[in-house]
There are 2 protein chains.
Amino acid sequence: MSGRHRMLPMLQILAHAGEAPIVPPPSLSRTLDRQSQKDTVSQLLPSRTVVFLEGFARSPCYRVVDGCVATYQTLSDGRRQVIDLAGPGRIVGLGAGDRNRHSAETLGFSRLEVVVEPLAARDLEVALTETLARSQALAMLLGRKTAPERVASAILDLAGQFGRPARHKRRGTVTFHLYPTRTDLADWLGLTVETVSRCFTRLKKAGLIDIQHNDLVTLLEPARLALVAAGDCALS
Amino acid sequence: MSGRHRMLPMLQILAHAGEAPIVPPPSLSRTLDRQSQKDTVSQLLPSRTVVFLEGFARSPCYRVVDGCVATYQTLSDGRRQVIDLAGPGRIVGLGAGDRNRHSAETLGFSRLEVVVEPLAARDLEVALTETLARSQALAMLLGRKTAPERVASAILDLAGQFGRPARHKRRGTVTFHLYPTRTDLADWLGLTVETVSRCFTRLKKAGLIDIQHNDLVTLLEPARLALVAAGDCALS
DNA sequence: CGACGTATTGACTGATATCAATGGTTGTGG
DNA sequence: CCACAACCATTGATATCAGTCAATACGTCG
């Protein structure tokens with residue numbers, strides 16, 4: 001449950017020192033430049049751009065126009081938990097308080113737009129509610145599902161967010177671009193890279209999915225995949 | 001990850017059949033009577049009273065005045081995940097949609113009051129935000145913390161919600177009534193009853209807590225307990 | 001007192017983590 | 001264009017934490 005973790009960027013270590021400044025973090029390369037946000041409606045950001053960091057002065061909310069953003073928290077020893085993966089239409093950065101409660105970074109070339117503060121109360125409630133429901137579903141997954149169930153659930157979730165109904169070959173099949181790496185998935189699902197990889201292999205061998213070039217996933221049997229995800233059908 | 005589970009009440013099975021009626025569930029003994037809600041400002045309910053059930057027609061929100069309410073989701077095979085334990089002042093039942101997204105039941109004699117619909121937008125946002133933050137903290141706990149870390153985190157959470165600063169003997173000690181059973185705790189923390197019990201024993205032997213009569217917990221060393229909860233200090 | 005529900009403890013098992021080796025892809029610079 | 005490095009993914013061997021099974025103890029209520 002502890003051990004091998006990715007190295008923390010300096011900023012993150014600061015955030016955990018309990019003395020994080022209430023000023024925006026220095027504008028690193030790869031860190032979103034706050035000035036230019038005001039000028040443009042939306043920005044195209046490269047992969048692995050840090051949008052905001054846990055513990056720093058509260059950032060505005062962002063709407064994902066295109067691409068994918070991961071939000072996550074980290075423990076002081078580097079253990080990371082991805083809280084959500086957000087695709088087009090989703091809003092990240094919701095929450096009160098004067099500090100960000102989690103970090104956010106892009107997982108691929110992504111277009112984000114700053115959400116202007118006076119967001120309609122109703123819209124805010126809807127966005128908060130959706131985020132809450134997803135967070136609770138994640139808790140169910142993390143607390144009570146097996147590794148294959150978690151991976152199947154993740155694939156279905158991502159298919160819903162990123163999938164095109166492009167069933168060019170078979171009816172009912174869906175294909176989507178897999179933004180998260182195996183490490184991202186592992187940190188989202190409470191597993192290790194190796195376990196995620198093994199589950200993918202099993203799902204492929206069972207004929208439920210297919211993967212091309214490591215980042216293009218095709219759902220071959222969505223219905224059976226849903227059964228696995230819900231724990232109603234064991235895998236192989 | 002699967003196996004021994006508590007028996008599901010019939011109602012819950014219905015909720016999972018995908019054909020749950022959009023009418024309120026029949027008023028069983030132990031199920032909160034909706035009629036009387038309108039008449040009284042708050043109701044005193046016995047332990048294990050079901051406040052509302054996942055999958056059924058959307059219930060109003062309730063404010064916990066006194067006692068403790070658990071919200072939870074269940075998988076079709078009976079695996080249960082407690083999403084939150086709510087003490088005095090907290091609101092349960094938040095969320096949109098026409099069905100309840102989770103069930104709720106009292107864990108001890110509890111006083112609840114129905115939250116009148118036109119809740120101030122600001123209050124609603126605050127309550128939603130707090131619930132969201134707790135849910136995300138739970139995800140971090142479930143995905144990345146070890147069993148002793150989870151139990152320590154839970155004790156600190158409950159101390160915050162139910163603790164009185166009644167340090168009659170030592171300075172800094174806090175005592176609180178433990179509403180959840182070991183099973184409830186296990187379902188909240190993604191563990192088994194046995195593991196929760198073993199962690200309690202270890203925390204007691206380490207001198208971090210004391211337990212009287214199975215349901216009265218005293219924090220002997222809150223600071224060290226917080227270190228364990230954060231993963232900054234291994235246990236024994 | 002006896003019965004039931006709950007908690008504790010011990011012995012053993014098993015799913016997932018850890019460690020380790022290999023292979024594939026991408027990007028960079030000679 | 002190729003060689004190399006860096007990163008990511010896969011696969012196998014082994015270790016470990018938490019789960020399972022089982023027995024006992026505790027507490028409350030009839």
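All values derive from a computational prediction rather than experimental measurement. Residue numbers start from 1 in every chain, and the chains themselves are labelled A, B, ... in the order their sequence lines are given, proteins ahead of strands.
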Contacts under 3.5 angstrom, residues 205-219 of chain A side chains, donor-acceptor by atom type, not counting sequence neighbours:
unit_1: A/Asp210; atom_1: OD2; unit_2: A/Gln212; atom_2: NE2; d: 2.9
unit_1: A/Thr218; atom_1: OG1; unit_2: A/Thr175; atom_2: OG1; d: 3.1

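- Here B/Thr192 reaches the OP1 or OP2 of D/dG19: one of its side-chain N or O atoms lies under 4.0 Å away.
- Applying the 4.0 Å criterion to OP1 and OP2 of C/dA17, one finds that A/Thr195 has a side-chain N or O inside that range.
- In this structure, A/Arg79 places its CZ atom 10 Å from P of C/dT18, rounding to the nearest Å.
- Distance, A/His213 NE2 to D/dC7 C1': 18 Å, rounded to whole Å.
- The CG-P distance, from B/Leu191 to D/dT20, rounds to 11 Å in whole Å.
- B/Arg150 and B/Asp157 are not joined by a salt bridge, as no carboxylate oxygen comes within less than 4.0 angstrom of a charged side-chain nitrogen.
- Remark: B/Arg144 does not engage A/Asp77 in a salt bridge, criterion side-chain N to carboxylate O under 4.0 Å.
- The aromatic rings of B/Phe52 and B/Tyr62 sit parallel, their planes meeting at an angle under 30°, below the 60° perpendicular limit.
- Between the side chains of A/Tyr72 and A/Glu54, no donor N or O sits under 3.5 Å from an acceptor N or O.
- Counting to the nearest Å, the P atom of D/dG19 and the CG atom of B/Asp187 are 11 Å from each other.
- Taking atom CG on A/Asp215 and atom C1' on C/dT26, their separation rounds to 12 Å, with Å as the unit.
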What N/O pairs connect the protein and nucleotides 6-8 of chain C at under 3.5 Å? Give each pair on its own line.
unit_1: C/dA7; atom_1: OP1; unit_2: B/Arg182; atom_2: N; d: 3.2
unit_1: C/dA7; atom_1: OP2; unit_2: B/Arg182; atom_2: N; d: 3.3
unit_1: C/dA7; atom_1: O3'; unit_2: B/Asn214; atom_2: OD1; d: 3.4
unit_1: C/dT8; atom_1: OP1; unit_2: B/Arg182; atom_2: NH2; d: 3.2
unit_1: C/dT8; atom_1: OP2; unit_2: B/Arg182; atom_2: NE; d: 2.8
unit_1: C/dT8; atom_1: OP2; unit_2: B/Ser197; atom_2: OG; d: 2.7
unit_1: C/dT8; atom_1: O5'; unit_2: B/Ser197; atom_2: OG; d: 3.1

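- One interatomic measurement links the two molecules: CZ of B/Arg150 to P of D/dG19, which rounds to 8 Å at whole-angstrom precision.
- Checked against salt bridge (charged side-chain N to carboxylate O under 4.0 Å, His left out), A/Arg90 has the following partners two or more places apart in sequence or in another chain: A/Asp84, A/Glu130.
- To the nearest angstrom, C1' of D/dC17 lies 15 Å from CZ of B/Arg144.
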